[in-house]
S.K.: 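Before anything else, here's the structure in question.
For the numbers below, each heavy atom of this structure counts, side chains included, while hydrogens, waters and symmetry mates do not.
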Amino acid sequence: MNIELKDITDTRKALVVSLDQSEVDADHRAAAAEIAKVARLPGFRPGKAPAELVLKRFGKDVLEEFQRKVVARAYKAGLEQSKLDVLGVVNVEEGKIEPGLSAAVTFTVDIRPQFELPEYIGLPTKVEPTAPTEAEVDAVIERLRQERADFRAADRPAQKGDYVKLAYRGSVAGQPIAELAPGRQVYGEVPQTWEEVEGADTGLIPGLGAQLAGLKAGDKKDLAVTFPPDFPAAPELAAKAAVYAVEVQEVRERVPPPLDEAFCKAQQVADLAALRAQIHRNLELNKEQQNRRAQREQVGAALAARIEFPLPESLIAAETQRVLRRFMEEHLRRGVPEEEFEKNKKELYESARRAAAAGVKRQLLLAKVAEREKIEAEERDLDRAILQEAIRSNQRPEKLAKELARDRERLRALQQAIIFDKALDFLVGKSTVTTAVPKA
């Protein structure tokens with residue numbers, strides 16, 4: 001057997017493994033013997049049929065098993081002798097594999113890049129103060145009041161924060177929107193709907209709610225709106241100037257409940273002081289979690305900024321597809337039509353590839369940190385991850401565990417994700433922390 005290694009790039013190699021005739025023939029005999037053990041031929045007990053009859057009757061099965069054995073032997077020997085740290089096989093060229101002949105198999109593989117870890121202890125991180133202000137506590141209480149508010153009919157012109165019941169009919173340059181955007185009736189003509197006056201949300205029709213202040217029940221008015229240039233919910237209306245004939249049917253004002261005993265009991269606390277204390281604790285916990293997430297991002301970025309090294313193309317390609325898939329799934333859930341992706345296909349791919357390259361680089365660095373610090377995915381880590389995934393996907397943990405036991409690749413990916421998470425937590429724990437000055 002002869003092994004030849006050819007450089008394609010710094011992280012991609014061609015591993016050429018040549019086997020002599022005796023090695024090839026040995027694999028052919030082994031394949032024929034394995035098929036003969038289970039072959040059933042009339043007049044012979046399993047495993048007792050003559051080899052020539054087995055080859056004649058099951059020649060195709062023997063050939064497939066024989067070729068598989070030759071390729072497997074070549075790959076195993078190639079790795080043992082070359083000592084390559086292979087991340088993935090990109091291509092296999094088997095050449096001619098027949099009994100009585102020598103054979104050569106070429107494996108194109110991507111390998112783990114070689115680099116020296118930069119200093120990773122004391123990476124800089126910056127956190128925000130976690131102590132909530134009284135104004136933040138007040139804001140949460142007010143939000144709770146608004147969530148429990150009643151809406152009462154108001155015999156007056158609409159004001160900010162009110163809800164207006166109205167009917168509308170839209171047109172663009174005199175053409176009804178119902179004709180311009182068929183199938184999207186909600187943007188064309190609606191006999192009854194509710195809009196918040198000057199609400200934080202732009203509403204279904206951008207800019208309509210911002211123009212309702214001052215109108216009262218029975219008022220009719222034409223309101224001009226311009227749809228944004230990017231309007232995936234109704235691409236036919238993107239960047240269009242429209243006029244909506246609006247008729248106000250009712251105005252309702254928001255009436256939040258008083259801060260009394262009933263309100264506090266609804267929040268499952270005894271009094272206002274207890275409510276403020278509970279909100280204070282929750283805000284502090286949320287800020288700590290936000291800081292932790294920010295620190296994990298910061299140490300990953302800081303470590304990556306300290307070194308450059310070549311990245312395996314196959315890892316970038318696979319990660320790019322994962323990024324694109326997540327992006328599309330998220331936007332399809334939000335109602336963005338598939339045609340929009342086609343319009344910006346090139347830009348989306350380039351953006352996904354940049355994100356993928358950054359992700360691959362960080363993973364390779366974290367893997368090296370984990371190796372250096374002997375960070376591993378322990379059984380309790382795996383149990384916790386399985387439980388979390390089971391809750392997220394609404395499955396029974398034991399069912400998910402069985403699925404992972406059968407799917408080695410999926411299990412390996414989960415273990416790797418655990419190791420990356422633990423490595424990030426390790427870096428955060430060893431980071432240099434500064435706290436931002438509170439904003440005035």
Side-chain angles (χ1 to χ4, degrees), residues 85 87-88 112-113 115 117-128 130 284-307 309 311-312 314-316 318-327 329-330 352 354-395 397-405 407-433:
D85 187 357
L87 292 171
R112 189 177 302 278
F115 59 88
L117 268 174
E119 181 56 54
Y120 55 85
I121 302 298
L123 293 170
T125 62
K126 189 173 185 178
V127 298
E128 297 294 328
T130 58
E284 190 168 38
L285 179 60
N286 287 338
K287 286 173 181 257
E288 289 173 357
Q289 292 173 340
Q290 290 171 5
N291 277 340
R292 193 70 177 181
R293 287 193 293 269
Q295 284 183 285
R296 284 162 63 89
E297 288 296 324
Q298 290 169 27
V299 293
L303 183 59
R306 293 188 173 190
I307 186 173
F309 54 87
L311 303 175
S314 60
L315 293 189
I316 295 177
E319 185 63 19
T320 298
Q321 293 305 311
R322 280 193 287 271
V323 171
L324 280 172
R325 188 162 53 250
R326 288 197 301 268
F327 177 85
E329 288 172 352
E330 176 186 343
R354 286 193 296 271
V360 166
K361 182 179 182 181
R362 187 171 80 159
Q363 289 174 7
L364 290 169
L365 284 165
L366 291 175
K368 196 123 183 172
V369 170
E371 181 183 9
R372 175 81 61 84
E373 298 295 335
K374 296 180 173 53
I375 297 171
E376 298 177 344
E378 299 175 1
E379 187 173 348
R380 64 175 179 272
D381 300 320
L382 197 57
D383 290 342
R384 189 182 306 114
I386 289 173
L387 179 60
Q388 291 172 347
E389 175 60 21
I391 294 172
R392 189 193 67 80
S393 58
N394 196 26
Q395 296 185 69
E398 58 271 21
K399 180 176 180 292
L400 181 58
K402 288 179 181 178
E403 290 177 2
L404 290 170
D407 190 340
R408 303 288 300 175
E409 188 61 28
R410 189 177 168 195
L411 177 60
R412 191 188 70 82
L414 180 59
Q415 291 171 327
Q416 192 175 55
I418 291 170
I419 290 173
F420 291 160
D421 275 346
K422 293 179 72 172
L424 276 174
D425 286 339
F426 171 83
L427 294 176
V428 169
K430 297 293 184 179
S431 67
T432 300
V433 184

S.K.: With sequence neighbours left out, write down each residue that passes side chain to side chain contact (heavy atoms under 4.5 Å, CB included) with Thr125, or none if nothing qualifies.
M.R.: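 Result, side chain to side chain contact (heavy atoms under 4.5 Å, CB included) vs Thr125: Gln295, Gln298, Val299, Ser431, Val433.
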S.K.: Residues in side chain to side chain contact (heavy atoms under 4.5 Å, CB included) with Leu117, at least two apart?
M.R.: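 Per chain and number, Leu117 pairs via side chain to side chain contact (heavy atoms under 4.5 Å, CB included) with Phe115, Tyr120, Leu365, Lys368, Val369, Arg372.
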S.K.: At what distance, to the nearest 0.5 angstrom, does CG of Leu387 lie from CD of Glu398?
M.R.: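 The distance works out to 10.5 Å.
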S.K.: Side chain to side chain contact (heavy atoms under 4.5 Å, CB included) with Arg354: which residues, sequence neighbours excluded?
M.R.: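 With neighbours one apart ignored, the set is Glu350, Ser351.
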S.K.: With sequence neighbours left out, write down each residue that passes side chain to side chain contact (heavy atoms under 4.5 Å, CB included) with Leu382, or none if nothing qualifies.
M.R.: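 Scan of Leu382 (side chain to side chain contact (heavy atoms under 4.5 Å, CB included), adjacent residues dropped) gives Ile386, Leu411, Leu414, Gln415, Ile418.
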S.K.: Taking atom CD of Gln289 as the centre, report whether more than 12 heavy atoms of other residues, nucleotides or ligands fall under 6.0 Å from it.
M.R.: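 It does: Gln289 CD has more than 12 such atoms within range.
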S.K.: What distance separates Glu288 CD from Leu285 CG, expressed to the nearest 0.5 Å?
M.R.: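 Answer for the CD-CG pair, Glu288 versus Leu285, is 6.0 Å.
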S.K.: Does any pair with a residue in residues 421-430 pass side chain to side chain donor-acceptor pair (under 3.5 Å), and if so which ones, sequence neighbours excluded?
M.R.: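 As it turns out, the side chain to side chain donor-acceptor pair (under 3.5 Å) pairs with a partner in residues 421-430, which skip direct neighbours, are Arg296-Asp421, Arg296-Asp425, Asp381-Lys422.
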S.K.: Any donor and acceptor pair, going by atom type alone, linking the side chain of Lys126 with main-chain N or O of Ala294 inside 3.5 Å?
M.R.: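 Not a single qualifying donor-acceptor pair exists.
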S.K.: At what distance, to the nearest 0.5 angstrom, does CZ of Arg380 lie from CG of Asp383?
M.R.: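 If we round to the nearest 0.5 Å, Arg380:CZ and Asp383:CG are 10.0 Å apart.
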S.K.: At what distance, to the nearest 0.5 angstrom, does CZ of Arg293 lie from CG of Leu424?
M.R.: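 Spacing of CZ (Arg293) from CG (Leu424) equals 14.0 Å.
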S.K.: To check you understand the geometry: which heavy-atom pair defines the closest contact between Pro113 and Leu364, and what is its length?
M.R.: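 Looking at all heavy atoms of both residues, the shortest contact is CG-CD1, 3.8 Å.
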S.K.: Output, in order, the C-alpha distance, side-chain angles, deciding distance and verdict of side chain to side chain contact (heavy atoms under 4.5 Å, CB included) for Lys399 and Glu403.
M.R.: CA-CA 6 Å; Lys399 180 176 180 292; Glu403 290 177 2; 2.7 Å; yes
S.K.: Take Glu329 and Arg326 through the test salt bridge (charged side-chain N to carboxylate O under 4.0 Å, His left out) and record every step on the way to the result.
M.R.: CA-CA 5 Å; Glu329 288 172 352; Arg326 288 197 301 268; over 6 Å; no
S.K.: What residues form a side chain to side chain donor-acceptor pair (under 3.5 Å) with Arg362, not counting sequence neighbours?
M.R.: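 Checked Arg362 against side chain to side chain donor-acceptor pair (under 3.5 Å); zero matches.
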S.K.: Mind listing the closest non-hydrogen atom pair of Glu119 and Ile121 along with its distance?
M.R.: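 Answer, listing the atom of Glu119 first, then Ile121: OE2-N, 3.0 Å.
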S.K.: Could you tell me if the side chain of Arg322 sits less than 4.5 Å from the side chain of Glu319, heavy atoms only?
M.R.: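 They are in side-chain contact.
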S.K.: Do Pro118 and Leu303 come within less than 4.5 Å of each other through their side chains, counting heavy atoms only?
M.R.: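 Sidechains of Leu303 and Pro118: in contact.
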S.K.: Are side-chain heavy atoms of Gln416 and Arg412 found at a separation under 4.5 Å?
M.R.: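 Yes - at least one pair of side-chain heavy atoms lies under 4.5 Å apart.
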S.K.: Quick one: pull up NZ in Lys287 and CG in Asn291 and give me the separation to the nearest 0.5 Å.
M.R.: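 Between atom NZ of Lys287 and atom CG of Asn291 there are 8.5 Å.
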S.K.: Just do the side chain to side chain contact (heavy atoms under 4.5 Å, CB included) check on Leu123 and Arg306 with the steps written out, would you?
M.R.: CA-CA 10 Å; Leu123 293 170; Arg306 293 188 173 190; 3.4 Å; yes
S.K.: Once you round to the nearest 0.5 Å, how far does CD of Glu389 lie from CG of Asn394?
M.R.: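 Nearest 0.5 Å value for the CD-CG distance: 11.0 Å.
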